[in-house]
*Asks:* 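Starting off with a structure, shown below.
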Amino acid sequence: MRKGLLHTAILLYAASVCLSAGAEPNFSGDHSDGSRAVPIHLIPLLDEEGDKITPDIEPLLPFSTRQTCGACHDYEKIRHGWHFNAVEPNVSPGRGGQPWIFVDAGTGTQIPLSYRNWPGAFRPEQLGLSAWQFVQLFGRQMPGGGPGEIDSNNPDEITRGFISGKLEINCLACHDADPAHNQAEYGDQILRQNFRWAAAATSGFASVTGMARNMPNSFDPFMPHLFDDPKLIPPSVTYRKGAFDSKNQVFFDIVTKIPAERCYFCHSNYDVSTTGMEKWTTDEDVHIAAGLACVECHRNGLEHNITRGYEGEAAVSKNPLAAAMSCESCHNDGRLGAPIPKHTGFPPAHFDKLTCTACHSGRRPERETIRTKTARAHGLGTYNVNKTGNVLPHIIYPVFAKQENGKIGPHKLIWPAFWGTLKGQNVTPIPIETVKASLSTVIEDANNPVSGDWPNLTDAQIGKALESLKTTEGEAVYICGGKLYRLNGKGKLTATKHDAARPYLWPIAHDVRPAAQSLGAYRCQDCHSTDSPLFFADVEVDTPLVSEKGAVKKMIEFQEFDPVYTKLFAISFVFRPYLKVIAICSSVILGAVLLLYAFKGLAYIIKVLAEKD
Amino acid sequence: MFRMISIIGFAAAIFGIAVCRGAFPSCGQRRIRTGPWGTFRRLVYLAALLCFSASVITGFYPTLVLKESIYGYWLILHTVFAPVFMICLTVLAIMRAENCSFKKDCPLMQKICFWLIIILAIPVILSIVLSMFWFFGTTGQESLLQLHRYSALLLAIIVIVYTYLIIRTRTG
């Protein structure tokens, strides 16, 4: 009887262990044993079906990161990380960030897009872009996953999706330390619709040829093919000789301390100025120069909820280190050797009204803003990128504006330009294909500069375009340069202010300058002067409209400060040296009077005591 | 905290004056000196009182009523009036010190208030002037600001009492 009970208990325990193991698979790579050494990734390559890839298989398939990396790491957990979760509706969007910018110079369109609910950014579907199209446009600088793994409902996209494959998370985009890793290849494969092959193409041991885009709908990438047309080259992968060892395993140079160069592929900035800003003429972020890596501050665990590093992030982030990864967290207690700032001479009000980045990050403000390029907006680092300074999108920088937390900080800015429909007070963008079809006769291609700049649109052209875009769904309008353009009852073009025309700004934090080069390091007048760029610089109002070219706004308009007060306060600094002199003289005189009569009082007491004696 | 202490401080001063006024309705009228020097002194007194009132209102109104730090036009006005008060106070210190010395028969409370005003004026002035130099870091700046606020609060209360005492001796 007792023996029977014991057996039952053992069986129940074994069953519970099996069940729990089934509920949460054990990924050997996700549980550290505490060693700080880098684990060597000599592993078999697996295709998207999970089958082992060996050099003798025909056709040779690209390795799947979901399968190859997912054998030891929880891909399902990772794909909800910050870099991949924009499409998930339940993820908090956090502070507004850099959007994807859709540009179509021919139709005068430059519009911020994001799957995250950031105020001022539009959802791709509002512009008529499916996830499939979105990935083709911007996948070049995406780490895969997210929209790249969404199943389409469109039959045509389903067919093409079978040929191209899904754009899985490209773990190598960040974690591959192989010097032969070529992330630019990723963008090229996206253009070719070789989504399935994109990650492999970036690795140093595989090369990809062919183009899924050109394949007929009947193409089966898992079967060998021969086409009569020599121009039809099916996508295929070749692995470098010697990549496989005797056990058909391949070495990946995987690191968790991601080198900054990996981050730079998607997070580079390039200031456009008249004289040009070559890389060798500019300084790196002071943290990088000091030997830190981006991931020293922007940290994450297996969940890949990387810290963004802004104040208040902890309230919305699931990363337990979110509160400990801001500027203050290191610079208040000297963590990682961070210098503890003294901020001598700065009244504490500065820290209530300014972000750290206002004084320390990005380009110092000058009389006029400049244009800048970013990797994600301009495809920096990809093949055949347009290197001209005027190429769209036009990102204006640095703009010191009020953030959601009420503090002033440096931002990048774009002025949305798009065709929309006005219903009540809401403007919704007209799908870009509709716009292109309607405007093809109104705005001629010949108007489009080869530089990729705006075409010179006239008021008459805008009027004609609005006429051609008339629909029953609402009034056609054009948004650009901070204004909404519409036709009045007499068919004349009028411009008004509208919320939809407001610029989209996103805060910047890099490159951080050293303390000695920060604003106000040596003089208050860096900011408190009547012509201080921080308040009174000209911010370019970018527009394709010829009649509005050259328009500017003052920086202070983005800060919600009273300009009269700001000027008066700045003027007070002219008198500040005199005030100091007078105040010190007054104090000395008052002190002298006090001292004199203290001595007199003492003398009087001594005299009285002496007389009594 | 500072707001609460300020409210209590001002209330106590006003209450004390009211009690004093009720308990001692008259204290005798003093002779008022005339002549150009006396007129000048009265003008300085008047300017000092005016600038003091403006400084107190611009300094304490945002804290006590608006519940925020001094900022914006309040700050501009404060920085306009406070230095003038500072100059007037210095002039008055030179002019009145002898009359408020031990030997003179000026009422004791007035003497005490006068010397307290001179003593408190120094930290009030220096705390704000020193913060304009590159000597003090964030903690130092915070301490200077607190020193300025509390010493200014004490100064304001004592100036109110002193003004009451002066008016009382003048009007009987």
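Throughout, protein chains are lettered first and strands after them, A, B, ... in sequence-line order, and every chain is numbered starting at 1.
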*Asks:* Answer with side chain, backbone, both or neither: which region of F561(A) has an atom nearer than 4.5 Å to a non-hydrogen atom of chain B?
*Replies:*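 Answer is side chain: those atoms of F561(A) sit under 4.5 Å from chain B.
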*Asks:* Could you state the interatomic distance from CD1 (I87(B)) to CD1 (I582(A)), rounded to the nearest 0.5 Å?
*Replies:* 4.5 Å
*Asks:* Less than 4.5 Å to any heavy atom of chain B: does that hold for the side chain of K600(A), its backbone, both, or neither?
*Replies:* side chain
*Asks:* Please state whether the side chain, the backbone, both or neither of S572(A) comes within less than 4.5 Å of a heavy atom of chain B.
*Replies:* neither
*Asks:* How would you list, in number order, the residues of residues 135-145 of chain B that have a heavy atom less than 4.5 Å from chain A?
*Replies:*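 Near chain A, by residue number: F135(B), F136(B), G137(B), T138(B), Q141(B), E142(B).
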*Asks:* Atom CG in L130(B), atom NZ in K580(A): separation rounded to 0.5 Å?
*Replies:*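 So the CG of L130(B) and the NZ of K580(A) are separated by 10.5 Å.
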*Asks:* Is it the case that more than 12 heavy atoms not belonging to R502(A) sit under 6.0 Å from its CZ atom?
*Replies:* no
*Asks:* Atom NZ of residue position K342(A) - does it have more than 12 heavy atoms of other residues, nucleotides or ligands inside 6.0 Å?
*Replies:* no
*Asks:* Would you say that more than 12 heavy atoms from the other residues, nucleotides or ligands in this model lie under 6.0 Å from the CZ of F81(B), or not?
*Replies:* no
*Asks:* Please find the pair of heavy atoms, one from A121(B) and one from L590(A), that lie closest to each other, and give the distance.
*Replies:* CB-CD1, 3.9 Å
*Asks:* Please work out which of the three classes, parallel, tilted or perpendicular, describes the rings of Y73(B) and Y565(A), given edges at 30° and 60°.
*Replies:* perpendicular
*Asks:* What is the ring orientation for Y597(A) with W115(B), classed by angle as parallel under 30°, tilted 30 to 60°, or perpendicular over 60°?
*Replies:*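 Taking W115(B) first and then Y597(A), their aromatic rings sit tilted (interplane angle of 30° to 60°).
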*Asks:* Around atom CZ of F133(B), are there more than 12 heavy atoms from other residues, nucleotides or ligands closer than 6.0 Å?
*Replies:*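 Atom CZ in F133(B) is packed in, count exceeds 12.
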*Asks:* If you take all heavy atoms of I94(B) and I589(A), which pair is closest and at what distance?
*Replies:*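 Looking at all heavy atoms of both residues, the closest pair is CD1-CG2, 3.7 Å.
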*Asks:* Please determine, among D352(A), V593(A), L594(A), the option with the most heavy-atom pairs under 4.5 Å with chain B.
*Replies:* L594(A)
*Asks:* Search all heavy atoms of I125(B) against all heavy atoms of S587(A) and return the closest pair with its distance.
*Replies:* CG2-OG, 3.3 Å
*Asks:* About how many Å separate CZ of F85(B) and OG of S586(A), when rounded to the nearest 0.5 Å?
*Replies:*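 It comes to 11.0 Å.
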*Asks:* Select one option (side chain, backbone, both, neither) describing which atoms of V564(A) are under 4.5 Å from chain B's heavy atoms.
*Replies:* both
*Asks:* If we define contacts as heavy-atom pairs under 4.5 Å, which of P123(B), G72(B), A93(B) has the most with chain A?
*Replies:* G72(B)
